[in-house]
Amino acid sequence: MSDLSELYQDLILDHNRRPRNFGELPDATCHADGHNPLCGDRVVVAARIEDGIIRDIRFTGSGCAISKASASLMTEAVRERRVAEALELFDRFQAMLTTPTGQPVDAEAFGKLAVFAGVREFPMRVKCATLAWHTLKAALLQPGGVVRTE
Amino acid sequence: MTEGAGTARDLSLARADFPALAQQVHGRPLVYLDNAATSQKPRAVIEALVHYYERDNANVHRGVHVLSERATAGYEAARETVRAFLNARSVAEIIFTRNATEAINLVARSYGDAFVGPGDEVVVTAMEHHSNLVPWQQLCARVGATLRAVPIDDRGELDREAFAAVLGERTRIVAVTHVSNALGTVNPVAELIAEAHRVGAHVLVDGSQAVAHMPVDVRALDADFYVFTGHKLYGPTGIGVLYGRETLLDAMPPFLGGGDMIRTVTLEASTWADLPNKFEAGTPHIAGAIGLAAAIDYVTRIGFEAIAAHEHEVVARAVEALRQVEGLRLIGEPRERGSLVSFVMDGIHPHDIGTIADSEGVAIRTGHHCAQPIMDRYGVPATARASFALYNQASDVDALVRALERVRRLMG
């Protein structure tokens, strides 16, 4: 049986109620819209990149607890990281979410993001946890965004 | 046929006719409240499919051998069952399709391309499922016609004044749902059809959310086209129905070309078969049609008087109970409601409601229900929806409310 408390951990519920870095970023250097047409979730991720480093990042939009908490924790995780590092973290995050449920997750390597390991038990919700990340990637890779400044 | 399949007297026992309902999910008894998406299948339907594939399987309208004769007889008997179910005049008016979507596309393509032209108007409503909206958008783009959408009010009912105002001499076709899949609204389709006919327009009614819950008489409605899908009516997936007035179907060109829909074929040209075959190119879903007929037999044996009375009672209980849930808002409060309820909860996304309800064994739908214009109208990204069938009971409503209380505790 999939354990609901594995999915809705306190950290996720907290970031859902009080999302961090939620709002507009007027001096953003890149941004992207993310949309999950299946559920209607929308997220906009905006970042200010200086010298290939994500100096500030914010998000807006509406979504479920998983997608909102994921966006919130993502902004904390990538702030002050190099763009390449953020993209690499997304790859590892995605790999973690598709790791078979029996296999342990390297909690240390993921820090707070390890809280999303429970999403593996709920395959229908994996896309909720990755929407903000896909959007961040689109923002970072868009023309005028970071890829060019790397 | 299964013994003890429901009758008016024992509707409370109908649950036992549906094998899929007798299971546990997440260690809880399944409470299935996603019937507007698809209903579960009674044993009678499953057995009809098995019987067909085990004994009668052959292609139709072709061979002279026994199995082909049986398959053809079963398939055409199913058409007669559908004809009687809708009270159509003739089996020539019953076209089997894959689903309601294909039936609507058939009309939009065949009728639309032939009879709708530049400057003409197609009327839809703001409460249509995407399946009864997108094909008309595509038609209008192809032929240079204009799409007019009739708005709904806060209750989720059609704006009748706007409807009357939009009808005119350029209106060629009106496409309207019988029951809204996202709001539950039952539209007064007989009145709408009469109004549309006064300006010379034809009307297509999407009955997908109606046929499992109320009797439908296409002649009493005076519908020109009436479509529904089989799987929401306790039948298999992959089988749907287009009813069309015979004079209209006769005048319409074929939709798909191929085998079974022709009379003569040379390398240069072909002539078309008579109705209904003209619109059934290729090997049809024979088993699906037979399974659908078994489903119709099943609900007909119980009777819509009993089904409607029972479902109204359960739905009324649900509406009443949901109103009591703290922070819950109903989306759509029509005066005449079908067998579903849409709602949102303050500060809680419908997906989280759905996942938590599922952990309690309660299956509901969450999302935009393929009706994004309705979500926009109410300013919500999505809703949660509980939709009921003849086998649902008051206890299912209670389980839903308990699940929503858990949602509130966990997320509130």
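All values reported here derive from a predicted model rather than from experimental measurement. Each chain gets a letter, A, B and so on, in the order the sequences are listed, and its residues count up from 1.
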Calculate, to the nearest 0.5 Å, the distance between atoms [atom1] and [atom2] belonging to [X] and [Y] respectively.
| X | Y | atom1 | atom2 | result |
| --- | --- | --- | --- | --- |
| A/Phe122 | B/Asp358 | CZ | CG | 8.0 Å |
| B/His349 | A/Ile66 | NE2 | CD1 | 11.5 Å |
| A/Leu7 | B/Leu410 | CG | CG | 9.0 Å |

For the [atom1] atom on [X], are there more than 12 heavy atoms of other groups (residues, nucleotides or ligands in this structure) within a distance under 6.0 Å?
| X | atom1 | result |
| --- | --- | --- |
| B/Gln23 | CD | yes |
| B/Arg98 | CZ | no |
| A/Asp10 | CG | no |
| A/His31 | NE2 | no |
| B/Gln24 | CD | yes |
| A/Glu88 | CD | yes |

Which residues pass the side-chain contact (heavy atoms from CB on, under 4.5 Å) test with B/Pro151, not counting sequence neighbours? B/Asp159, B/Ala162
List the residues meeting side-chain contact (heavy atoms from CB on, under 4.5 Å) with B/Gln393, not counting sequence neighbours, and say none if there are none.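 B/Gln393: side-chain contact (heavy atoms from CB on, under 4.5 Å) contacts with B/Ser12, B/His310, B/Ser395, B/Asp396.
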Side chain from CB out, backbone as N, CA, C, O: work out which of these in [X] comes under 4.5 Å of a heavy atom of chain A, or both, or neither.
| X | answer |
| --- | --- |
| B/Met411 | both |
| B/Ile356 | both |
| B/Arg406 | side chain |

Using a 4.5 Å heavy-atom cutoff, which residues in residues 55-65 of chain A come close to chain B? A/Ser62, A/Gly63, A/Cys64, A/Ala65
Residue by residue, which of residues 89-107 of chain A have a heavy atom closer than 4.5 Å to a heavy atom belonging to chain B? none
So what's closer than 4.5 Å to chain B heavy atoms on A/Arg17: side chain, backbone, both or neither? side chain
Looking at B/Pro381, is its backbone amide N or carbonyl O close enough to the side chain of A/Arg42 to form a donor-acceptor pair, meaning the two atoms are under 3.5 Å apart? no
Answer whether the closest heavy-atom distance between the side chains of A/Leu4 and B/Thr355 falls below 4.5 Å. yes
